Amino acid sequence: QKEVEQDPGPLSVPEGAIVSLNCTYSNSAFQYFMWYRQYSRKGPELLMYTYSSGNKEDGRFTAQVDKSSKYISLFIRDSQPSDSATYLCAMSVRGNKLVFGAGTILRVKS
Amino acid sequence: GAVVSQHPSWVICKSGTSVKIECRSLDFQATTMFWYRQFPKKSLMLMATSNEGSKATYEQGVEKDKFLINHASLTLSTLTVTSAHPEDSSFYICSATLGGRNEKLFFGSGTQLSVL
């Protein structure tokens with residue numbers, strides 16, 4: 001079993017839809033949870049950073065962490081074609097290296 | 001936000017030659033940088049951790065003699081792929097931590113290496 005599981009997609013949605021991206025994990029010691037966006041042939045860009053459980057909102061993006069279920073989510077409201085990219089979840093124990101999910105390909109159709 | 005610059009973005013080389021990739025933190029000092037490799041439609045695979053002024057720490061299965069890492073200053077780390085072969089063709093990405101927090105990684109734009 002992988003430490004971090006993420007559905008590779010692709011996930012196709014119409015413009016304006018609410019997008020839900022998810023990851024599950026097995027290591028209960030993870031404390032830090034991140035979401036990165038990666039455009040084709042570019043480096044990942046840090047979108048959201050969350051410590052422990054709870055919600056965090058930034059503009060159209062909301063990150064949720066449920067440590068009891070070992071489940072994290074990223075919601076994108078009013079999705080735009082420019083949101084089309086690969087979204088990588090990542091998590092770590094403090095001071096340790098990040099463990100990445102495989103990434104979900106998102107396609108927002110205009 | 002923190003900016004990490006990586007060059008070149010694309011390189012094609014002949015089999016047997018060496019290629020150097022540079023990674024610079026432009027507006028902050030990075031005591032630690034990381035080098036990743038990414039295959040098409042796959043996630044990031046950590047190759048090594050580069051610490052300024054000391055030897056790099058390589059992940060299991062990564063050949064340290066093939067992938068030479070140098071971190072001579074607080075703003076520059078280099079990865080040299082020595083005697084490159086077609087199987088070394090891949091997307092290489094560097095990253096740096098801000099404030100020494102491994103949880104906040106900032107990535108370079110990546111280098112696509114194609115070995116003929």
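Throughout, a chain's letter reflects where its sequence line sits, starting with A, and its residues are numbered from 1. Owing to the predicted nature of the structure, the values given are computational and were not obtained by experimental measurement. Because only heavy atoms are used, hydrogens play no part in the values below, and waters and symmetry mates are left out as well, while side chains stay in.
Across all non-hydrogen atoms, the minimal contact from B:S43 to A:A102 is CB-CA, 3.5 Å. Annotation for B:F106 and A:L46: closest pair CZ-CD2, 4.4 Å, computed over non-hydrogen atoms.
The environment of A:R107 atom CZ is sparse: at most 12 non-hydrogen atoms of other residues, nucleotides or ligands sit within 6.0 angstrom.
Of the listed residues (B:Q6, B:M45, B:Q112), the one with the most heavy-atom contacts under 4.5 Å to chain A is B:Q112. Chain B forms the most heavy-atom pairs under 4.5 Å with one residue out of A:Q31, A:Q38, A:M91, and that residue is A:Q38.
Each of B:L46 and B:L79 belongs to its own hydrophobic cluster when Ile, Leu, Val, Met, Phe, Trp and Tyr are linked at side-chain heavy-atom distances under 4.5 angstrom. Criterion: ILVMFWY side-chain heavy atoms under 4.5 Å apart, direct or through other members. Under it, A:L47 and A:V65 are part of a common hydrophobic cluster. B:M47 and A:L98 fall into different hydrophobic clusters, where Ile, Leu, Val, Met, Phe, Trp and Tyr residues are linked whenever their side-chain heavy atoms come under 4.5 Å apart, directly or through other members. When hydrophobic clusters are built by joining Ile, Leu, Val, Met, Phe, Trp and Tyr residues whose side-chain heavy atoms come closer than 4.5 Å, directly or via intermediates, A:Y36 is grouped together with B:L44. A chain of hydrophobic side-chain contacts below 4.5 Å, direct or via other Ile, Leu, Val, Met, Phe, Trp or Tyr residues, connects B:V19 to B:W35.
Atoms OG1 and CD, from A:T86 and B:Q38 in turn, are 8.0 Å apart once rounded to the nearest 0.5 Å. Distance check: B:S109 OG to A:R41 CZ gives 13.0 Å after rounding to the nearest 0.5 Å.
A 4.5 Å side-chain heavy-atom check between B:L105 and A:P44 finds every atom pair outside the cut-off.
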- side chain to side chain contact (heavy atoms under 4.5 Å, CB included) evaluation trace for B:F107 with A:K42: CA-CA 9 Å; B:F107 287 86; A:K42 296 291 183 183; over 6 Å; no
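Within residues 59-76 of chain B, the residues having any heavy atom under 4.5 Å from a heavy atom of chain A are, by residue number, B:E59.
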